[in-house]
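Everything below concerns the one structure shown next.
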Amino acid sequence: MRLDGKVVLITGASEGIGAACAAEFARSGARLSLTARNPRGLAAAGGSGALLTPGDITSEETRSSVVARTLDRFGAIDILVNNAGMGLYMPSWQTPLEDARRLWELNFFSVLHLTQLVAPVMRERHSGMIVNVGSIAGKMTLPWFTLYSASKSALGTLTEGLRMELRNTGVKTMLVCPGYVQTGFQSHVIGGRPPDRVLQGKRFAITAAECARAIRRGVERESRTVVTPASGWLLVALMRLFPGPVEHRLAQILGTA
Ligand SMILES: NC(=O)c1ccc[n+]([C@@H]2O[C@H](COP(=O)([O-])OP(=O)(O)OC[C@H]3O[C@@H](n4cnc5c(N)ncnc54)[C@H](OP(=O)(O)O)[C@@H]3O)[C@@H](O)[C@H]2O)c1
């Protein structure tokens, strides 16, 4: 898919991967509709010409408003990037249900509802792409954030199912599975903190700009799945081939083995 002139709606665009995607898509000539809670971050990410809709994406009102405003301003939504998301670093068996529900409300249900609002518009025009920012943690369960892994795994299933449901409608879906990306993600958590050994892994992290470049390339190629860095595929393969030893190693990192 060519990006020049396309209308791209990005959630969680006030910083991190979302803001980097805004810059990356703008460089390719796309027209931007950006949403997140922090208006100053949005303004910095948007530059001139971007439509900004500040608000909490877990609110039904914000979701309806951002879609209506985008259609009003641009008349179409070509690409929806469901990027807003948060982490929760707590053992699943100890996590307050209220926190688990908050996580799913943001990482899964807001994505589902935005998709329900945007997919019919794309179907009508026989064209569009829904990009869901999952995580490598959705492809292999990471025990320092089991519930986050579960939410991102569900997002992967949603992305695959949608692709089949929307087959022959001109609407594509793409799942993005970043590994470790240098953003404020680890400090913007719903609860808990990563184990020290995970924090030490920062040296393997890619930048948000590198992640956004991989996402832009994936959209242009209409990829099904983007794993970035690509070495993440190796981890996924190891988990599938040798689940016992890999689980043991992950439990060691967590400090429970
Ligand atoms: N960083 C990583 O290592 C990593 C790895 C794999 C996957 N991911 C995924 O990548 C996505 C982006 O993460 P990031 O690393 O860029 O994190 P980040 O720097 O913390 O950015 C998160 C973005 O989501 C927005 N957001 C959070 N809660 C929101 C809410 N209730 N309503 C509206 N917007 C909300 C934030 O904006 P406001 O605070 O202004 O609302 C911010 O723009 C997430 O889905 C994350 O799960 C990240």
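Both counts, for ligands and for their atoms, begin at 1 and track the order of listing. What you see is a predicted model; the values in this text were computed from it and never measured. The chain is numbered in sequence order, starting from 1.
- Ligand 1 has no atom lying under 4.0 Å from any heavy atom of P54.
- In this comparison of G179, G87, S135, the heavy atom closest to atom 4 (C) of ligand 1 sits on G179.
- With respect to R125 and D78, a salt bridge is recorded, a charged nitrogen being found less than 4.0 Å from a carboxylate O.
- Side chain to side chain, T159 and N132 meet the donor-acceptor criterion of an N or O pair below 3.5 Å.
- Heavy-atom contacts of A13 reach the following atoms of ligand 1: 43 (O) (cutoff under 4.0 Å).
- In the hydrophobic cluster analysis, where Ile, Leu, Val, Met, Phe, Trp and Tyr join through side-chain heavy atoms closer than 4.5 angstrom, L42 is grouped apart from L51.
- In this pair, F145 and Y148 present their aromatic rings parallel. The plane angle is below 30°, not in the 30 to 60° band.
- Under a hydrophobic clustering in which Ile, Leu, Val, Met, Phe, Trp and Tyr are joined whenever their side-chain heavy atoms come within less than 4.5 Å, directly or via other members, Y180 and I206 fall into different clusters.
- The protein atom (non-hydrogen) at minimum distance from atom 42 (C) of ligand 1 is S14 OG, 3.7 Å.
- Residue R37 holds the heavy atom nearest to atom 28 (N) of ligand 1 of all those in Q186, H188, R63, R37.
- The part of K152 lying near ligand 1 is the side chain, judged by heavy-atom distances below 4.0 Å.
- Among all protein heavy atoms, the one lying closest to atom 22 (C) of ligand 1 is G85 O, 4.0 Å.
- From the protein, the heavy atom lying nearest to atom 33 (C) of ligand 1 is I57 N, 3.4 Å.
- Protein heavy atom closest to atom 47 (O) of ligand 1, with residue, atom name and distance, is Y148 OH, 2.6 Å.
- One side chain, T53 or R69, offers a donor N or O that lies under 3.5 Å from an acceptor on the other.
- Distances from atom 44 (C) of ligand 1 to the heavy atoms of V133, T228, V66, N83 put N83 nearest.
- With 3.5 Å as the limit, one finds no donor-acceptor pair spanning the side chains of N38 and S14.
- For ligand 1, one of its N or O atoms has an N or O atom of G12 under 3.5 Å away.
- For T146 and S92, the side-chain atoms include no donor-acceptor pair closer than 3.5 Å.
- Here the protein heavy atom with the shortest distance to atom 7 (C) of ligand 1 is G134 O, 3.2 Å.
- The closest approach between any non-hydrogen atom of G41 and ligand 1 is not below 4.0 Å.
- Heavy-atom proximity to I17, at under 4.0 Å, picks out these atoms of ligand 1: 10 (O), 15 (O), 16 (O), 48 (C).
- At under 3.5 Å, not a single nitrogen or oxygen of A36, backbone or side chain, sits near a nitrogen or oxygen of ligand 1.
- Counting only heavy atoms of the protein, atom 21 (O) of ligand 1 lies nearest to E15 CG, 4.0 Å.
- A distance-only check finds no donor-acceptor pair linking the side chain of R216 to the backbone of C21 [under 3.5 Å].
- No hydrogens or angles considered: nothing links the side chains of E160 and T157 as a donor-acceptor pair under 3.5 Å.
- Remark: minimum distance from atom 31 (N) of ligand 1 to any protein heavy atom is reached at D56 OD1, 2.9 Å.
- Using a 4.0 Å cut-off between heavy atoms, L106 contacts ligand 1 through its side chain alone, with no backbone atom that close.
- If you chain together hydrophobic residues whose side chains sit under 4.5 Å apart, F185 and V176 never meet in one group.
- Of the N or O atoms in Y180, none lie within a sub-3.5 Å distance of an N or O in ligand 1.
- Classification of R101 and E98 as a salt-bridged pair fails, no side-chain N sitting under 4.0 Å from a carboxylate O.
- Distance from atom 14 (P) of ligand 1 to its nearest protein heavy atom, with residue and atom name: T183 OG1, 3.5 Å.
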